[in-house]
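When a ligand or atom number is given, it counts from 1 through the structure's own listing order. Heavy-atom basis, side chains included; hydrogens, waters and symmetry copies ignored.
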Amino acid sequence: MMWPDSSNDPVFEMISREVERQNNTIQLIASENFASPAVLRASGSVLTNKYSEGYPGRRYYGGNMVIDEVESIAQQRLKELFGADHANVQPHSGANANLAAYLAVLEAGDTVLGMSLDHGGHLTHGSPVNISGRNYNFVAYGVTASDERIDYNQVRDLALEHRPKLIVAGATTYSRTIDPAPFRAIADEVGALYMFDAAHIAGLIAGGAHPSPVPHADIVTFTTHKTLRGPRGGAILCTAELASAIDKAIFPGLQGGPLEHAIAAKAVAFAEAATPEFADYAKKIVQNSADLGKGLAEAGFRLVSGGSDNHLLLLDLRSFDTELTGKQAQEVLDSAGITLNKNTVPDDERSPFVTSGLRIGTPATTTQGMGPAEMGKIADLIGRTLRQHKDEGVAHEVRAEVAKLCGRFRPYELPS
Ligand code: DSN
């Protein structure tokens, strides 16, 4: 079989155009990153051909000698990376990892405490439109109105009142450190299990730039493609006591055949994340986020909670321009070559499709090698574009500056 190109199928021309887009525009989506060529190679391998339902040494199909080695090395590397008792590398996504964790330890209707989506949680933390909110009785905690941070006293009060079977920590839009220890103390006080969804910050934890929940939590779930910089997918860590329940929940409970090409790519990423270079990278993500936040504050934006301790910032646009919505800001910045996402701010009066905020993250730009000078420049470009968002000429000018900046920090040299 020959390797194809765009003359065989226009899809390959589309992939080349996406490489161009990623190379020539600024990627500030907090949950995105640039996977290494090694991760991409494993991800695009013939391992995609193999059925391997089950686990290493216990498969429902023949021919899994090599696959067993691949999945075993992924498990081993992951356990070592985070110092965990047990690792399951099969979740197809972070959402599946979370749902499997619930399936492992909950019955339908059980009470769970989780962070509300509109204060920074996740759909799978009990949103009524998600299966988590439909199958389980989620009670939501949030951030305080005064400092826009998690109030551990509120979490404790809710836990004492509702006696949850499981407490879920972790967020998708929270710019501050989540201290894993107080959740353990609260869970112990009410006899609950404790799960930490580390999807956004797994790479920061691996690199030592955020406290690890692994010694505290019964279950830690995460995605492998955000700050961890691996392939798109999920993973679960847990205590030895929960290992069997977690494995059964993923297969046969929730998923069928594992994506072994993705598992191979996860193994490659876990090795990359164990290096001193990755630890340096994790620290730089955090520094870049702080520097970008400083620049954006100087450009006139209000940062929710006043700043960032991690890889992301949440801008509240209302004090910058009462008319400008997150949706409009995202669209005009897209036209200027700056990619980010609209996001609700705590207690937003606008809908999630419109929003009053922007979520901005630094994992991808840090992978490219951008630093303090570039963060200052990006803050300036965002400020200029949004201050004159009705002037298409400004977006056009900014786009040219973006292309120049990106030309010095190209993530991928060749079309894949
Ligand atoms: N879509 C992810 C994010 O952007 O945070 C959460 O699932």
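The contact set between ligand 1 and His200, taken as ligand atoms under 4.0 Å from a residue heavy atom, comprises 3 (C), 5 (O). Residue Arg359 approaches ligand 1 through these ligand atoms, each under 4.0 Å from one of its heavy atoms: 3 (C), 4 (O), 5 (O). Residue Ser31 approaches ligand 1 through these ligand atoms, each under 4.0 Å from one of its heavy atoms: 3 (C), 4 (O), 5 (O).
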- Show your reasoning for whether ring-ring contact (aromatic ring centres under 6.0 Å, His included) applies to Tyr141 and Tyr152. CA-CA 9 Å; Tyr141 61 87; Tyr152 298 98; 8.6 Å; no
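In the model, Arg149 has no side-chain atom that pairs as donor or acceptor with a side-chain atom of Ser305 under 3.5 Å.
Relative orientation of the Tyr102 and Tyr136 rings is perpendicular, given thresholds of 30° and 60° on the angle between their planes.
Residue contacts with ligand 1 leave out Glu32, since none of its heavy atoms falls under 4.0 Å from the ligand.
When the options Asp380, Leu358, Ile360 are evaluated for a side chain to side chain contact (heavy atoms under 4.5 Å, CB included) with Leu296, the one that passes is Ile360. Among Val304, Leu28, Val345, Thr173, the one residue that satisfies the side chain to side chain contact (heavy atoms under 4.5 Å, CB included) test with Arg359 is Thr173.
Considering backbone and side-chain atoms together, His122 places an N or O closer than 3.5 Å to an N or O of ligand 1.
Remark: minimum distance from atom 2 (C) of ligand 1 to any protein heavy atom is reached at Lys226 CE, 3.9 Å.
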